[in-house]
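These notes are about the structure you will find just below.
Being a predicted model, the structure only gives us computed values, none of them experimental.
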Amino acid sequence: QLQLVESGGGLVQPGGSLRLSCAASGLTLDDYAIGWFRQAPGKEREGVSCISSSGDSRDYADSVKGRFTISRDNSKNTVHLQMKSLKPEDTAVYYCAAQRAAEYYCSIYRGDEYDYWGQGTQVTASS
């Protein structure tokens, strides 16, 4: 059973940066695509970014392109989401999720394809 734990959230001023981490245990992440999703109060969950198991394919929501960067370190069973130039509208609970997928595939639009989810970490961008 794969377990995911997010960390790195917090309160930051607009324009600031945070680095989220998604640490896996129970199984290795080598065969899993990882996605980051977020949900703000009163809003639907949305896909933020994803990375394929090979690390060669990445995708980003238009709202975060150029500001967020996803990366993975399979040797440490960890995926990171570097977030820069944070805006108040980035405020949400951020979740990482994993799915077994072909090595070049990941999706930020099909949350239902992900089999494992973390408990989430709160990100708040506010002055």
Determine the minimum heavy-atom distance between [X] and [Y], stating which atoms define it.
{"X": "Arg72", "Y": "Ser52", "answer": "NH1-O, 2.8 Å"}
{"X": "Ala24", "Y": "Leu2", "answer": "CB-CD1, 3.8 Å"}
{"X": "Leu18", "Y": "Gln82", "answer": "O-NE2, 3.5 Å"}
{"X": "Gln119", "Y": "Val5", "answer": "OE1-CA, 3.7 Å"}
{"X": "Asn77", "Y": "Thr28", "answer": "OD1-CA, 3.4 Å"}
{"X": "Ala98", "Y": "Leu4", "answer": "N-CD1, 3.8 Å"}

Query - Residues, nucleotides or ligands: over 12 heavy atoms within 6.0 Å of Glu89 CD - result: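 For Glu89, atom CD is crowded (more than 12 foreign heavy atoms under 6.0 Å).
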
Report task. Could you go through the side chain to side chain contact (heavy atoms under 4.5 Å, CB included) check for Thr91 and Gln122 one step at a time? Result -> CA-CA 8 Å; Thr91 296; Gln122 176 70 46; 4.0 Å; yes

Query raised in the report: Trp117 vs Tyr95 aromatic rings, parallel, tilted or perpendicular, using cut-offs 30° and 60°?
Result: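 Aromatic pair Trp117/Tyr95 classed perpendicular.
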
Report task. Hey, can you tell me if Phe37 and Tyr114 have their rings parallel, tilted or perpendicular (30° and 60° cut-offs)? Result ->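 Perpendicular, since the angle between the ring planes exceeds 60°.
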
**Report entry** Ionic contact status for Asp62 with Lys65, cut-off 4.0 Å
**Finding:**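 The answer is yes: the pair qualifies as a salt bridge.
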
Query - disulfide bond (SG atoms under 2.5 Å apart) pairs, two or more places apart, involving residues 98-127 - result: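 Output for this query lists Cys50-Cys106.
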
Query - Residue pair Val48, Met83: steps toward the side chain to side chain contact (heavy atoms under 4.5 Å, CB included) verdict - result: CA-CA 11 Å; Val48 175; Met83 306 186 297; over 6 Å; no

Requested in this report: Please determine, by modelled atom types, if Ser126 and Thr124 share a side-chain donor-acceptor pair under 3.5 angstrom.
Outcome: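 Result is no, nothing qualifies.
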
